[in-house]
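Here the structure comes first, spelled out in structure tokens, and everything after it is commentary.
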Amino acid sequence: MPWKGENDPYKIWLSEIILQQTRVEQGWAYYERFIRTYPNIHLLANAKENEVFKLWEGLGYYNRCRNLLFTAKYIVKALNGIFPNNYEDLLKLKGVGPYTAAAIASFAYNLPHAVVDGNVFRVFARYYGIHLPTDTKEGLVIFNKIASENLAFKKAGIYNQALMDFGATVCKPMSPLCGSCVMQNTCAAFAQNTVGQLPIKLKVIQKKKRYFDYFLFKLNGKLWIQKRGQGDIWAGLYQFYLVENDKIVTADNAYYQQVLNNQLMIDLKEVKITKESKIYQQQLTHQLLTFRFFTIELKKMPKAFEKGAWVSAKNLQKFAFPKTINSFLNELND
DNA sequence: AAAGCGGGGAT
DNA sequence: ATCCCAGCTTT
């Protein structure tokens, strides 16, 4: 892996935050851009939030980005720029949980803390034939215990990395390479032919369907955008005026009347509705989103748009948007 | 303890 | 389609 031998806690922290629930192949280019843009924690701490989000754009789980910036500021201001150097203090950082604290502690300081991530659950579940679910408290306690017992105390950093490498390249979720695995002789799951069933997860996520109609309000060549708040998907990203419905609504005059006139006090005679886009869909882990985009050309400033910002088409690219909004914008420009 | 949070790649 | 990814925070 590219970061082997790295012991700068800032770089390790940054890479671990980026790689939470994210494949190395997907996250690595982001890591390199972050390091190039913010080579040290002071530069990151002093960065503008919108710039950091723009750099994170497309990577998902945007609260990681928010916490990243918060923690950088915290370390610079409250800790004089000195990175915490032990597990307990690392764990106190926003966005740093048990896995990331163990990773930083062992990679940067070679402290004896075992990482427990998706790879580790899988390797140990199979090797020891553990059928306890990994996503229950009981299972978590057992897997943490096993991980600690197996840890090479004096070589924690390299051991942790080797274990995860093994999980990522040999003991893979699908089509593991049991045939060439050096652990085959002593692997419980291999002996019992249960490799394909392990590890066991209980949670079944059911997808919620949501319908987003975005209205692009245009005035004097500028578009109205708004920052999404906390408590929903895409917190901290920008969007256009959003109307969410629980089903597809026919885009007729009555709908425009309701949205533009009833909600926003805009006279329908004062606007030109130029486009209703095709339907876009986006699959999240827990939601299925359906989008439509409408472009509304205004003649005067509606009162409802005092909050938010009017930006030129050119300046749109300075703001971070959800993937589908960017897809729509890119197709507009084609 | 359970739910919520993105986007991409492999199967 | 389904699974899962070098998980964490909030409720």
Side-chain angles (χ1 to χ4, degrees), chain A residues 1-4 6 12-31 53 56-68 70-71 90-107 113-123 133-141 143-144 147 157 159-169 171-176 196-208 210 228 230-237 281-289 320-327:
Chain A
M1 299 292 181
W3 60 91
K4 273 208 176 108
E6 181 59 61
I12 293 168
W13 164 68
L14 179 58
S15 71
E16 291 302 337
I17 301 297
I18 286 177
L19 293 175
Q20 284 168 6
Q21 291 293 282
T22 304
R23 290 169 195 280
V24 173
E25 311 85 69
Q26 187 192 358
W28 199 250
Y30 283 85
Y31 170 75
F53 269 86
W56 196 277
E57 183 182 51
L59 192 54
Y61 285 151
Y62 295 92
N63 274 324
R64 290 184 295 170
C65 181
R66 182 185 165 85
N67 289 333
L68 186 81
F70 178 94
T71 295
L90 287 164
L91 200 50
K92 291 176 187 163
L93 303 175
K94 256 201 197 358
V96 173
Y99 164 77
T100 305
I104 301 173
S106 64
F107 300 172
H113 295 276
V115 293
V116 181
D117 75 333
N119 292 304
V120 176
F121 281 128
R122 188 170 58 252
V123 170
T134 58
D135 55 351
T136 62
K137 191 171 182 183
E138 190 188 4
L140 197 62
V141 169
F143 282 100
N144 274 305
Y159 164 86
N160 279 335
Q161 293 186 25
L163 181 58
M164 290 191 285
D165 281 0
F166 177 71
T169 59
C171 199
K172 301 184 292 181
M174 313 279 181
S175 333
Q197 305 167 22
L198 297 173
I200 291 172
K201 269 191 187 174
L202 240 44
K203 275 183 221 163
V204 183
I205 9 179
Q206 50 175 352
K207 283 194 176 156
K208 200 166 57 172
R210 301 175 73 179
R228 287 180 63 87
Q230 295 290 303
D232 198 357
I233 55 175
W234 305 324
L237 270 60
Q281 285 207 326
Q282 182 176 3
Q283 194 86 263
L284 305 185
T285 301
H286 38 281
Q287 300 183 17
L288 176 59
L289 307 174
F321 291 96
K323 175 202 153 166
T324 300
I325 291 185
N326 274 327
S327 303

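Proteins come first, then strands; the chains are lettered A, B, ... in the order of their sequence lines, and each starts at number 1.
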request  = Name all residues meeting the side chain to side chain contact (heavy atoms under 4.5 Å, CB included) criterion together with A/Leu202; count only those two or more places apart in sequence or in a different chain, and write none if there are none.
outcome  = A/Pro133, A/Asp135, A/Thr136
ask   = Under the side chain to side chain contact (heavy atoms under 4.5 Å, CB included) test, which residues partner A/Ala102, sequence neighbours left out?
value = A/Tyr87, A/His113, A/Val115
inquiry  = Using OP1 and OP2 only, check whether a side-chain N or O of A/Gln21 sits under 4.0 Å from C/dC5.
reply    = no
ask   = What pairs with A/Arg122 under side chain to side chain donor-acceptor pair (under 3.5 Å), at least two apart in sequence or on another chain?
value = A/Asn119
inquiry  = Checking A/Tyr62 now: which residues fulfil side chain to side chain donor-acceptor pair (under 3.5 Å) with it, not counting sequence neighbours?
reply    = none
ask   = What residues form a side chain to side chain donor-acceptor pair (under 3.5 Å) with A/Gln26, not counting sequence neighbours?
value = none
query = Looking only at N and O atoms, is any donor in the side chain of A/Tyr99 or the base of C/dG7 less than 3.5 Å from an acceptor on the other one?
reply = no
inquiry  = Using a 4.0 Å heavy-atom cut-off, does A/Asn119 contact any base of the nucleic acid, only the sugar-phosphate backbone, or nothing at all?
reply    = base
task = Classify the nucleic acid contact of A/Asp232 as base, sugar-phosphate or nothing, counting any heavy atom under 4.0 Å across all strands shown.
result = sugar-phosphate
query = Which residues satisfy the side chain to side chain donor-acceptor pair (under 3.5 Å) test with A/Gln282, sequence neighbours excluded?
reply = A/Thr324
What does the list of N/O pairs under 3.5 Å between the protein and nucleotides 9-11 of chain C look like, with a distance for each?
unit_1 : atom_1 : unit_2  : atom_2 : d
C/dT9  : OP1    : A/Gly95 : N      : 2.4

request  = Describe the nucleic acid contact of A/Arg122 in one word from base, sugar-phosphate, nothing, applying a heavy-atom distance below 4.0 Å.
outcome  = sugar-phosphate
Pairs under 3.5 Å (N/O, protein and nucleotides 8-11 of chain B):
unit_1 : atom_1 : unit_2   : atom_2 : d
B/dG8  : OP2    : A/Lys323 : NZ     : 2.9
B/dG8  : N2     : A/Arg23  : NE     : 3.0
B/dG8  : N2     : A/Arg23  : NH2    : 3.1

task = Using atom CD1 of A/Ile205 as one end and atom C1' of B/dG6 as the other, report the distance to the nearest whole Å.
result = 12 Å
ask   = For A/Ile17, which contact category applies under a 4.0 Å heavy-atom criterion: base, sugar-phosphate, or nothing?
value = nothing
query = Looking at B/dG6, does its base get a donor-acceptor pair with the side chain of A/Thr22 below 3.5 Å?
reply = yes
message = Within the 3.5 Å criterion, strictly below it, is a donor on A/Gln20 or A/Tyr99 matched to an acceptor on the partner's side chain?
response = no
key: A/Phe143: ring pair (Phe, Tyr, Trp, His ring centres under 6.0 Å) partners, not counting sequence neighbours   = A/Phe121
